[in-house]
Amino acid sequence: MFKEKFKDGIISAKQFTREDISYILKKGKEMIKNTNSNLLRGKILATLFFEPSTRTRLSFESAMYRLGGSVIGFQSGDVSSIKKGESIADTIRTVENYCDCIVMRHPLEGSAKLAANFAKIPIINAGSGSGEHPTQGLLDLLTISEECGTLDGLNIGIMGDLKYGRTVHSLSILLSNYEVNLYFISPPELSMRNRYKEFLINEREAKFKEITQYRKILDVLDVLYITRIQKERFVDQEEYERVKGIYVFNKDDLKETKSTFKLMHPLPRITEISPDVDDSEKAIYFRQTNYGLQLRKALLAELLKD
Ligand code: NCD
């Protein structure tokens, strides 16, 4: 059923119902124990990355190898024929002959949808400009579910660049399937875009508050998800300079939090979390990267198994 529903791929967090999320998180949890297998032997994944990546590309590639499959691809648009002027559509219609599934990251917001329109095999959106990054959102939910023991009844702060950060868009949409109180924390110029807020209100009746300071609510939060200010998306670099160091979560902040509090970050972290926080049991951002591997193994297995 999952395979049939997602046969065109994973383009947006909006595709996922609560049942779909429960299903894939259950499969992700099973993968934590299942370290290697031959489930995808003979299958080929293509990773087409037109923007920098460490975790997303390497975890997809590792996931494929750990399931017995193989990987082809490129890590930069500079080495593909896009550099010569080829369109995404033509690239996709070529690469799909060489593989069973395509994972793509591209600076254009509608890129994953565009690719899916031309492909006969599943496309996985690994980041479409400042739009969405649905598999990051799913791995964030697996992390919260495993580390907090639930997804319902939590107070979750999402802080940083909510305008350009694609991970927070997908995360908020996925979380709106649950009974959570969301706090969107950002400077006014980097607040969550209206189109996402309207979706959360009109389609999901989600509960969220928008604030600019995090210290006032630290004692109520179960999870704080911090993101990087997305330097590369700013049209005006002076505006970036004005907001770049706006939040720096430090060791003193930890003292204000509940004993069960969890601090998350999709990474890369620049200056928004001080390194002296890293040793705390509450800082789970490096564990989050392992949940990413497990979740991506589960997704590939569900989409590609016979
Ligand atoms: C994020 C991305 O690429 O959107 N990284 C990731 O996939 N873990 C976050 C970011 O770049 O800030």
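None of these values were measured; they are calculated from a predicted model. When a ligand or atom number is given, it counts from 1 through the structure's own listing order.
- At a heavy-atom distance under 4.0 Å, only side-chain atoms of Pro268, from C-beta outward, approach ligand 1.
- Side chain to side chain, Asp140 and Thr143 fail the donor-acceptor criterion of an N or O pair below 3.5 Å.
- A distance-only check finds a donor-acceptor pair linking the side chain of Asp253 to the backbone of Asn250 [under 3.5 Å].
- The distance from ligand 1 to the heavy atoms of Leu267 drops below 4.0 Å at these ligand atoms: 1 (C), 5 (N), 6 (C), 8 (N), 9 (C).
- Proximity of a side-chain donor or acceptor of Ser128 to a complementary backbone N or O of Gly131 within less than 3.5 Å is not detected.
- In terms of polar-atom proximity, defined here as any N/O pair under 3.5 Å, Arg166 does make such a contact with ligand 1.
- Taking every non-hydrogen atom of Thr167 and a distance limit under 4.0 Å, the qualifying atoms of ligand 1 come out as 1 (C), 4 (O), 9 (C).
- A donor and an acceptor atom, one from each side chain of Lys297 and Gln294, are located under 3.5 Å apart.
- Near Thr56, meaning under 4.0 Å from any of its heavy atoms, are these atoms of ligand 1: 6 (C), 7 (O).
- In this structure, Arg105 has a heavy atom closer than 4.0 Å to ligand 1.
- A donor-acceptor pair is defined here as one N or O able to donate and one able to accept, closer than 3.5 Å; such a pair exists between the side chain of Asn97 and the backbone of Arg93.
- Ligand 1 places these atoms under 4.0 Å from at least one heavy atom of Arg228: 10 (C), 11 (O), 12 (O).
- Taking the six-membered ring for Trp and thresholds of 30 and 60 degrees, Phe184 and Phe208 have ring planes inclined between 30 and 60 degrees apart.
- Applying the 4.0 Å criterion to heavy atoms of Gln230 picks out, from ligand 1, the atoms 10 (C), 12 (O).
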